[in-house]
Every structure is written in structure tokens, then in C-alpha cells.
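Contents: one structure, followed by commentary.
Values below: all heavy atoms of this structure, side chains included; hydrogens, waters and symmetry mates excluded. So you know, we letter chains A, B, ... as the sequences are listed, proteins then strands, and number each from 1. Just so it is clear, the model here is predicted, and its values are computed rather than measured.
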2 protein chains.
Amino acid sequence: MSPTPTNTDVFTAIAEPKRREIVSLLAKRGPLPVGTMVDLTGLAQSSVSKHLGVLHDVGMVSVDRQGKQRIYKLEANSLKTVFEWVKEFESHWDHQLARIKAKAEQRAKSLRESN
Amino acid sequence: MSPTPTNTDVFTAIAEPKRREIVSLLAKRGPLPVGTMVDLTGLAQSSVSKHLGVLHDVGMVSVDRQGKQRIYKLEANSLKTVFEWVKEFESHWDHQLARIKAKAEQRAKSLRESN
DNA sequence: TGAACATATTCCGTTAACGGAATATGTCAA
DNA sequence: TTGACATATTCCGTTAACGGAATATGTTCA
């Protein structure tokens, strides 16, 4: 299928493991030319180019032509969308933490009282 | 393609808009039977079932049989993976915020001095 | 102008995902 | 046990994504 989520949103973009790898790469090492990423990922040059194309379309990277090279740079803002979405659920797992914490305190209390 | 990311990880699971909708639904309204989600999403029953299947395989929801119904519940922990991944890039957009902030302060300062 | 280089684009084969309709499975209630 | 109900599974058609090889495009330098 795929009539719906054509590679046009950040969520789909980061679904691809290799793409996530590329993004991490750019985050860790700063702006990078395509060739370097080809080396580091072990993918074919065409594949890397295409992945970068997707990331670019979605606004996750920007390009800077420098002579023959094209330097890709991470546009981290684009990830805020995802961050914000996931963040909404933080409370749900905090609930659990809270419950665990409460339980632990309960235990500590009854332990204290049993002395 | 897809030899790589068969719907087996959370990132792929949340790439699907309808699936995200379902997840949000479960977060907002708590555990829900399939039928309700069919109504709320406007998808065919089979589709919803299948999406829930994916979410379940990935550990994002758990099921509880109650009579004829199956109550699906969000397992928010599963989203931590995503949260943590995205979080790594937080500093990168904070940088920008910092820069903007600095610039704003700069401006305020020179404004003060020009008085 | 023509090599050499870096990258994008095209081409092609393969595969899995999706949607919906139809059907199977399981559960309750009479 | 039969029927109604809730949900899962199967079937089928359609489509887009991926990978890599080959090729096109653009840039630099002699």
C-alpha cells in the first residue's frame, strides 16, 4: 500500500533505519558531504542520495553546494514535530513510574511502622 | 521495498497516520474496544483490526478479552524508544534557541545603550 | 574543451503495506 | 444448537518504497 503516507512527513522519513543512521551521523559529526556518508553507511551512493532526497523533501536536512560537493546539514527543528507528539504520552509512562514510586514509599512506610 | 523494516519496530508502526490516531485515541480515552475505534476513525473494521495487530506485535498495545469484546490498552513505555531517540537531538534545536535568545539580548542591550 | 570527480536521476526487479469485501472464529444468550 | 454480535483473518488489487547498476548532470582543473 501507501496511497496515504507518501514519504512526505517526518514520521515516515524516520521509519527507515538507514535514514535514522544518517540523521544521527549528521548530528554527531556536523555537516557532511554525501561521499562520507556513503563510506560510513556502506550503502550504494545512489541509495544515500535518495535517502538524503527524502530527508530534504521533509525538511530534515538542508544542502550547501561547495564546489563538486554537496554538504548536508541536519535541520533539527524538523524533529520537534515528532518530539512533541511522543511527549504527549510521557505522562502515561510517568503514571507508571509514579505508581511504582508510590508503592515503594508505601512499602518503606509500613516497614518503618512495623518497627 | 521493505526487506529491512518489516513492520516490526515502533518507528515503522507510528509512521502510519491512522495508527498514530489510534494511539492518541487510546491515550485520551483510555482502554477501548475495537468497535469504538472503528466508529471514531471511520476505517473499515478489518483495517482497524489489522492496525491494532501491528501495534500489538510491536508492543504498543495490550489486549484484554472481555466477553465478545477485546479491549485494547496503550502501552506507553513502548514509546520511550522513540522519545529517547528524538531527545538526542534536542540540544541541536536548543542551540538555535540559545542563539536567538542571545541575539535578542544583544539587541536589547544595544537599545539600552543607545539611550 | 575534455578528463576526473561528486552527486543526482533513471531504470528495473522485488516486496510488503494498505484498503476493503468477504469470510472465519469465538462468544454469549435464548 | 442456533443466531446475533465482536473481532480476526484471508483474499485480492493497487501502489510505493527500497536496493543497486547504469547513466545523466554539474563542477573543477589542466
Side-chain angles (χ1 to χ4, degrees), chain A residues 1-23 25-26 29 31-74, chain B residues 1-23 25-26 29 31-74:
Chain A
M1 84 93 198
S2 278
T4 328
T6 320
N7 261 2
T8 214
D9 75 306
V10 181
F11 285 96
T12 310
I14 64 170
E16 236 290 325
K18 290 298 183 180
R19 235 134 44 194
R20 255 172 293 161
E21 199 182 325
I22 289 175
V23 169
L25 231 50
L26 290 174
R29 327 216 344 188
L32 247 39
V34 180
T36 306
M37 304 194 239
V38 172
D39 293 346
L40 293 173
T41 60
L43 282 174
Q45 180 263 316
S46 60
S47 288
V48 175
S49 248
K50 278 181 282 188
H51 281 312
L52 287 169
V54 173
L55 293 174
H56 185 256
D57 287 349
V58 173
M60 291 187 63
V61 298
S62 59
V63 208
D64 190 12
R65 300 177 121 98
Q66 261 184 33
K68 323 178 187 181
Q69 304 197 119
R70 302 212 181 179
I71 313 293
Y72 280 87
K73 180 180 154 232
L74 179 61
Chain B
M1 85 94 187
S2 277
T4 328
T6 321
N7 261 2
T8 213
D9 74 305
V10 181
F11 285 96
T12 310
I14 64 170
E16 236 290 325
K18 290 298 183 179
R19 235 136 40 194
R20 255 173 289 157
E21 200 182 325
I22 290 175
V23 169
L25 232 48
L26 290 174
R29 329 215 345 187
L32 247 39
V34 180
T36 304
M37 304 194 239
V38 172
D39 294 346
L40 293 172
T41 61
L43 281 174
Q45 180 263 316
S46 61
S47 288
V48 174
S49 248
K50 278 182 282 190
H51 281 312
L52 287 169
V54 173
L55 293 175
H56 185 255
D57 287 350
V58 172
M60 291 186 64
V61 299
S62 58
V63 209
D64 190 13
R65 301 177 121 98
Q66 261 184 33
K68 323 179 188 182
Q69 305 197 121
R70 304 211 181 179
I71 313 294
Y72 280 86
K73 180 180 154 231
L74 179 61

Figure out the CE/C1' separation between Met37(B) and dT7(D), and round it to whole Å.
-> 11 Å

Between the OG atom in Ser62(A) and the CZ atom in Arg70(A), the distance rounded to the nearest 0.5 Å is 13.0 Å

May I have the distance from Lys50(B) (atom NZ) to dA21(C) (atom P), rounded to whole angstrom?
-> 11 Å

Taking atom C1' of dA16(C) as reference, at what distance in whole Å does atom CG of Asp9(B) sit?
-> 14 Å

Below 4.0 angstrom from OP1 or OP2 of dA6(D), is there any side-chain N or O of Tyr72(B)?
-> no

Under 4.0 angstrom between His51(B) side-chain N/O and dG19(C) OP1 or OP2 | yes

Can you measure from CD (Glu16(B)) to CD (Glu21(B)) and round to the nearest 0.5 angstrom?
-> 10.0 Å

Among side-chain atoms of Thr36(A) and Asp39(A), is any donor-acceptor pair under 3.5 angstrom?
-> no

Thr12(A) OG1 to Asp57(A) CG distance, which is reported to the nearest 0.5 Å | 12.0 Å

All N/O contacts under 3.5 Å from nucleotides 26-30 of chain D to the protein, with atom names and distances to one decimal?
none

Over how many whole Å does the gap from Gln45(B) atom CD to dC5(D) atom C1' extend?
-> 11 Å

Whole-Å gap separating P (dA21(D)) and CG (Leu43(A)) | 12 Å

Can you tell me the distance, in whole Å, between the CD atom of Glu16(A) and the P atom of dA16(C)?
-> 14 Å

Nearest 0.5 Å please: distance from the OG atom of Ser47(B) over to the CD1 atom of Ile22(B).
-> 9.0 Å

Going from NZ on Lys18(B) to CG on Leu25(B), what distance comes out if it is rounded to the nearest 0.5 angstrom?
-> 10.5 Å

Phosphate OP1/OP2 of dG20(C) contacted by Ser46(B) side-chain N/O (<4.0 Å) = no

Take the protein atom CD1 of Ile22(A) and the nucleotide atom P of dT7(C), then report the distance between them rounded to whole Å.
-> 13 Å

How long is the line joining CD of Gln69(A) and C1' of dA8(C), in whole Å?
-> 15 Å

Quick one: CD1 on Ile14(A) to CZ on Phe11(B), what's the gap to the nearest 0.5 Å?
-> 5.5 Å

Result for 5'-nearest mapping on DNA chain D, choosing between Ala44(A) and Leu52(B), is Leu52(B)

Between Ser47(A) and dG20(D), does any side-chain N or O lie under 4.0 Å from OP1 or OP2?
-> yes

